[in-house]
Amino acid sequence: MNLSLRICRAYLFLGLSGTAIFAQRAPAPEIGPKVPSFLQGLSPKILAGKPIQRFLTSWTLRSPDGETIPDARGARLATQIQQMGGVSPSRGGSAPTSALTLSLNNMRWTNIGPQPVQNGQVGDTISNRLMSGRIAAIAVHPHDPNRWLIGAANGGVWETRDAGGSFRPLTDAAPSQAVGAIAYAPSDPNIIYVGTGEATFSGDSFGGEGILKSTDGGLTWIQLGVSTFIKGTAFSEIRVDPSNPDRLVAATSLGLFGRVGAAARPQGFGARGFWLSNDGGQNWIQTLAIDGISIAVHPAGFSQMYGGEGFGSNAGNAVLRTTNGGISWSVVPGPWNALSGNTDRTVIAIAPSNPNRIYVAVSNSTTGGLFGLWTTSNGWDPTPSWTKINVSPTDDGSGAYGPCGYDKAFSAVASQCWYNLTLTVKPTDQTKLFFGGVTLYRYDMVSDSWTEVSQTAAPADRNNGIHVDQHAAVWSGGRLIVGNDGGVWSTITDGDGMWFEHNSSLSISQYYEGSISPDGSQVLAGAQDNGTHRRNGTQAWPLIFGGDGAGNIFGSTFDFGVSSQSHNIARTTDGGQTFVGVKGNYGGAPPFIGKIRECPSSPGTVILNGSRINKTTSFYTGQANSLWTNNGSGIFNGSVGGIGIAFGNNCNTFAMGSIDGQILLSTNGGVTKADLRDINPNGQVPPRPVSTIVFPSKSNTKICVGLTGFSGNLPANIYCTSDFTQSPPSWTNVSVPVDVSVVSLAIDPDNNNIMYAGTDFAMWYTNDSGSTWAFMGPTMGMPNTAVYDIVARAGRVIAFTHGRGAFMLVNFDLNKDGAVDCTDVNIVRGAFGKRVGEPGYVAIADLNGDNVVNLRDLSMLTQMLSARTYCQ
C-alpha cells in the first residue's frame, strides 16, 4: 500500500512585526528516522516535506520495528483504569496508600487556554485573527441553524448553540478524542453519531475507538462498534437516513499512528470501507472493502448516494454510486476510468438545488496534486456526461495542482491534495462551487471564473482572511462554515469581505513542547502548524513565532528561545519584540520537532537533541552563526539520533536517549564521544524510544526515563536508576500500571517523590517515586487526550496536550497538611490583591495562574471547603 503522504508548503523566513516565521531546508540526515517500506520510492522532495517529517517523528516513537504498531486499545485502557479505581501499584509496587488518594482529592487540572490564539497566521502574514486548532468535522442541527457540532484533531467534540459565539466540550471522557465525522439524525436530532479516528492522513491523525452515540443531544455518550472498527480505523463520513435515525452509512479509512494507529496495513489492520447499519450503530455490514473518503447523499432520497475512495486506491475506480441506500456500490462511468495511477482523496458534492448537478475532484497520489475536477448535469443517468473544469487559475497555471496542491500566498506548489480537499455547493445556486484546499476558492460556472475567498494572499486584506488547510465545509442556511488547521470560520457573503471567526472559546491547540518562565508569570508552547504562543496570565495567548511550533526555553522573562520544525531556533533578549535566528552551525540531523533544554542554574547553557548533542554556554549572548559545539557523528549505535534530553541538577550533567533505548550521559559538561557514557549497556531499559528524561533536583545520582511504544504484556514504560555512577547502573521498572506510551515526565522540584507521567491517554501521578500511581483523567479535569510535555517550575505544574491546549494543576491544599480548610483560605487572603513580582505575591495562592491573587482564586478555593465551613 502506498501511503501517499505528500509535501506541504515551505514557510519562508520573514520578519513580521517582530515575529519570525521561518523554516530552513533541513540538511540531509546522517542518522535520521527510518523510512518505512510503504514510503520508500517517494521523491526526496516529498520525503523532506512537513507532513512526511511530522509523520516520521511520531511513527518512529511508537513503531516497534519501523513498520507496524500494535493496538494499544484506548477502550481497554479506559476499562482497566476504571476497574482499578484510578489508583494502582506500579509493576512490582506496593498497594496504594491513603495518602495518595487524599492528595488527589485536593487537586484538579484546569484549562488555561489558549482560548484563543491571538494574531494567527493568514497566508504569509501575521494577522489580527483569532485561531485554535485543526477541525476535520462539522455538523449543523437540522432544526436550529445556530447549533453546531465540531470535531477537533484529538480534541473531541464541541458544541455551540449561538452560531459559534461560544463552544463547550462534550466528550472529554471518551476513550478517543480524535474525531473524523459527526452526524445528527435529521428525524430525531437528539441522536448524534460521532466517528472517531481522523482520516486526514497527517502525521498526527490518530486512529479511533469506534462510534460514539448520544440519544440526549450530547449530554451522555455510549461507545459502539469497537470490535468492528479495529485498530487504526478513522472515520471520514457518516450519513443518517432522514426518515430513520437507526439507518446510517459510514466511510472509513486509516488513522496513521499514536495510541491506536499505524501507517502500514498488515492483515486485519484498519477497518476500511463503506459500511451500513440498520440498528443505530450496534451492528455493521461492510458493503465495500475500499478506503472510504466521502459520501454525498441525494437530498430527496437516502437510496441514492455518491461515494469517493482514496488512500492509494486505483484512480480509475475512485467514483462510486449506489441506488439502494448503500447496500451495493458500482463504479461510475467517467473520465477517471481512463486514469493511470492512484488517488488519496476523492470528494463529491451534490447541488441541493439540483441533485443532477454533481462535482467530483480526484487527487493524484504521485504528485500530491489533482487528476482533475469535473461536473455533470445528469449525474444519475447510467452514463453521465462529464465536463472538466479548468483549475489552472488556482495554481501555477498548469492545472495539475488546483487549490489543494498550491499555496497562493507563497506562490509555491504544496502537493497536499491528500490532506486538504473538500467540496461544497451553495444550496440555492448549483453554479457556485466552493473548493477547499490549502486555500478556499469559489468557482462560478456561469463566468467560468475562480475567486480565492479565504483571502490568504495579497492584495487581499489578511485581517479579513482565514487559516490555510481546509478540511470541512457545511452550510447553515445561507452561512458557509469551514473547518481548517486554524479552527472554525463562517461567511454569509460567500467569502467576500470579512469572515467571522469562531475560535474565542475553543481550546484545542495541538502542543508539542512547553516551558515556564523562572517567576512563573509566563508560558511558552509550540503547536502543530500554528507556531509558538506565549501566555501572560490570560486565557488568550498571542502567537509570537510561526511554522510548526517546537522546543522552547525561558532564561528570564526577557530572554527566551523558540523554534519551529527542524530546529529552526531563534532567541530574543527583549521579551519577544525581536528575534534572531541562531541555528547557525548546528551539527547533525535535527528532529522534525526538536527539544531544547536549558540548565536552570545557568541561563544560556543550552543543549539540543538530534543525531548529535549540540551545546552552547552563551545562547543569549554568543555569535548567532557560531553558537554550537557538537560531538560529531556516530555517538548512537546505528540508531536514530537523540530524542529525550535533559540537564541534571548541575550544568555539567546531562543525558540524551535514542530510538532503541540507548541512554548517553555526560557528567563533565563535555559533548565529545569520550565524554559520554552509555548507562544502559545491558539493555535493562527495553530497546524502545526514550521519549523523555528527568533528573530529580535533590539527587546527584538518580535519573528516570519514559518510553513510547508498547510492551504487549506487563507495562514497561518508565525506568529509574538511583545511581547512574555505577557501571552499569541498576534500573528499576516503575511504570504506570497500563501498557501505554509515556511521552513526557516531570519531577516536582520541591518534593522529588512526586512525579507526573504524560501519556497518549491522559496523565498519571505518583507521590512515592513510582511505587503507586494514580490516574489523572477526566474526573480530575484532564481529558483523555495525549499529553506531550509537562513542566514543573516556579510553583506551577503545566501539562501541554496535543489537542486540548494547556492545563495547570491546582492544589487547593496550599499548606500541604492534607486538608483544604481555613488555613489555606488565609494564605489566599494574605496575598490578596498582589500581582506577580510584587512583595507579598504567593504563587500557590494564584490558583488560576493569571498573575494576580483576587476573588477568582478565593472563589475557587472556597468551593473546595467542606459544607458549612465558614472562615473568619
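- Aromatic ring orientation, Tyr788 versus Tyr512: tilted (interplanar angle from 30° to 60°).
- With sequence neighbours excluded, the residues that form a side-chain contact (heavy atoms from CB on, under 4.5 Å) with Ala400 are Ser398.
- Taking the side chain to side chain donor-acceptor pair (under 3.5 Å) definition, one finds that Trp374 meets it with nothing, sequence neighbours left out.
- Side-chain contact check for Pro686 versus Leu707: some heavy-atom pair is nearer than 4.5 Å.
- When all heavy atoms are compared, the tightest approach of Asn530 to Gly486 is OD1-CA, 4.2 Å.
- The two atoms that bring Asn713 and Asp739 nearest to each other are N-OD2, 4.0 Å, heavy atoms only.
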### Task
Give the intermediate values and the outcome of side chain to side chain contact (heavy atoms under 4.5 Å, CB included) for residues Leu320 and Leu288.
CA-CA 10 Å; Leu320 303 153; Leu288 195 62; 3.6 Å; yes
### Task
Report the C-alpha distance between Asp344 and Ser363 in whole Å, list the side-chain angles of each, state the deciding distance to 0.1 Å, and finish with yes or no for side-chain hydrogen bond (donor to acceptor under 3.5 Å, both in side chains).
CA-CA 6 Å; Asp344 295 316; Ser363 76; 4.8 Å; no
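- Contacts of Glu237 classified as side chain to side chain donor-acceptor pair (under 3.5 Å), with partners at least two apart in sequence or in another chain: none.
- Counting all heavy atoms, side chain and backbone alike, Ala473 lies closest to Thr422 at N-OG1, 4.0 Å.
- At least one donor-acceptor pair closer than 3.5 Å links the side chain of Thr759 to the backbone N or O of Phe761.
- Asn717 places no side-chain N or O within 3.5 Å of a backbone atom of Pro715 that could act as its donor or acceptor partner.
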### Message
For Arg272 and Leu254: C-alpha separation, side-chain torsions, deciding distance, then whether side chain to side chain contact (heavy atoms under 4.5 Å, CB included) applies.
### Response
CA-CA 7 Å; Arg272 64 185 184 131; Leu254 197 65; over 6 Å; no
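- In terms of modelled atom types and a separation under 3.5 Å, the side chain of Glu159 and the main chain of Leu170 share no donor-acceptor contact.
- Aromatic rings from Tyr184 and Tyr193 are positioned such that their centres are separated by 6.0 Å or more.
- A donor-acceptor pair under 3.5 Å links the side-chain atoms of Ser236 to the main chain of Ile293, judged by distance alone.
- The side-chain heavy atoms of Val249 and Phe302, taken from C-beta on, include a pair separated by under 4.5 Å.
- Ser454 places a side-chain N or O within donor-acceptor distance of the main-chain N or O of Leu440, the cut-off being under 3.5 Å.
- If you take CD1 on Ile191 and OG on Ser214, they are separated by 9.0 Å, rounding to the nearest 0.5 Å.
- Shown here are the side-chain contact (heavy atoms from CB on, under 4.5 Å) partners of Ser132, two or more places apart in sequence or in another chain: Asn503, Leu506, Ile508.
- Here CG of Asp548 is found 5.0 Å from CD of Gln565. Values are rounded to the nearest 0.5 Å.
- With sequence neighbours excluded, the residues satisfying side chain to side chain donor-acceptor pair (under 3.5 Å) with Asn484 are Gln470, Trp489.
- Contact check for Asn342 versus Thr366: no side-chain heavy atoms found under the 4.5 Å cut-off.
- Under the 3.5 Å distance criterion, with hydrogens and angles disregarded, a donor-acceptor pair is assigned to the side chains of Asp291 and Ser253.
- With rounding to the nearest 0.5 angstrom, the OG1 atom of Thr322 is 10.0 Å from the CD1 atom of Ile295.
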### Message
Assess the residue pair Asp279 and Asp246 against the criterion (side chain to side chain contact (heavy atoms under 4.5 Å, CB included)); give the C-alpha distance rounded to whole Å, side-chain angles, the decisive distance to 0.1 Å, and a yes or no.
### Response
CA-CA 5 Å; Asp279 58 4; Asp246 291 331; 5.6 Å; no
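- For the side chain to side chain contact (heavy atoms under 4.5 Å, CB included) with Val438, the lone residue among Asp395, Asp407, Asp485, Thr394 that qualifies is Asp407.
- Residues forming a side-chain contact (heavy atoms from CB on, under 4.5 Å) with Gln304 (at least two apart in sequence, or on another chain): His298, Trp380.
- A distance-only check finds a donor-acceptor pair linking the side chain of Ser744 to the backbone of Val787 [under 3.5 Å].
- In this structure the side chain of Ser741 reaches within 4.5 angstrom of the side chain of Phe710, judged on heavy atoms.
- The ring of Phe229 has its center closer than 6.0 angstrom to the ring center of Trp275.
- In this structure, CG in Leu212 is found 5.5 Å from OG1 in Thr196, a value given to the nearest 0.5 Å.
- Remark: Phe434 engages Trp475 in a ring-ring contact (aromatic ring centres under 6.0 Å, His included) (not counting sequence neighbours).
- No hydrogens or angles considered: a donor-acceptor pair under 3.5 Å links the side chains of Gln416 and Asp469.
- Not a single ring-ring contact (aromatic ring centres under 6.0 Å, His included) links Tyr401 to another residue, sequence neighbours left out.
- Side-chain atoms of Thr171 never come within 3.5 Å of backbone atoms of Ala174 as a donor-acceptor pair (strictly under, hydrogens ignored).
- Contact of the Asn324 side chain with the Ser328 side chain is registered, since non-hydrogen atoms from C-beta on lie closer than 4.5 Å.
- In this structure, the side chain of Ser566 does not engage the main chain of Pro590 through any donor-acceptor pair within 3.5 Å.
- For the atom pair Tyr419 OH and Leu421 CG, the distance stands at 13.0 Å (nearest 0.5 Å).
- For the pair Glu198 and Phe235, the minimum side-chain heavy-atom distance is 4.5 Å or more.
- In this structure, the separation between CD1 on Ile358 and CD1 on Ile348 is 8.5 Å, given to the nearest 0.5 Å.
- Within the 4.5 Å cutoff, the side chain of Trp221 has heavy atoms near those of the Ile192 side chain.
- Between Arg239 and Met305, every side-chain heavy-atom pair lies at or beyond the 4.5 Å cut-off.
- The nearest pair of heavy atoms linking Ala136 to Thr200 is CB-CG2, 4.0 Å.
- Contacts of Thr287 classified as side-chain contact (heavy atoms from CB on, under 4.5 Å), with partners at least two apart in sequence or in another chain: Phe274, Leu276, Ile285, Trp329.
- Side chain of Thr367 to main chain of Gly369: a donor-acceptor pair is present (N/O by atom type, distance under 3.5 Å, no hydrogens or angles).
- The heavy-atom pair separating Val360 from Leu423 by the smallest distance is C-CD1, 4.3 Å.
- For Phe371, the ring-ring contact (aromatic ring centres under 6.0 Å, His included) test picks out no residue, with sequence neighbours left out.
- Heavy-atom minimum distance, Ser277 versus Gly281: OG-N, 2.9 Å.
- A tilted orientation is assigned to the rings of Phe206 and His802, their planes being inclined by 30° to 60°.
- For Trp148, there are no side chain to side chain donor-acceptor pair (under 3.5 Å) partners two or more places apart in sequence or in a different chain.
- Remark: Arg804 pairs with Asp172 by the salt bridge (Lys or Arg N to Asp or Glu O under 4.0 Å) rule, at least two apart or across chains.
- Thr343 contributes no side-chain N or O that, together with a main-chain N or O of Asn364, makes up a donor-acceptor pair within less than 3.5 Å.
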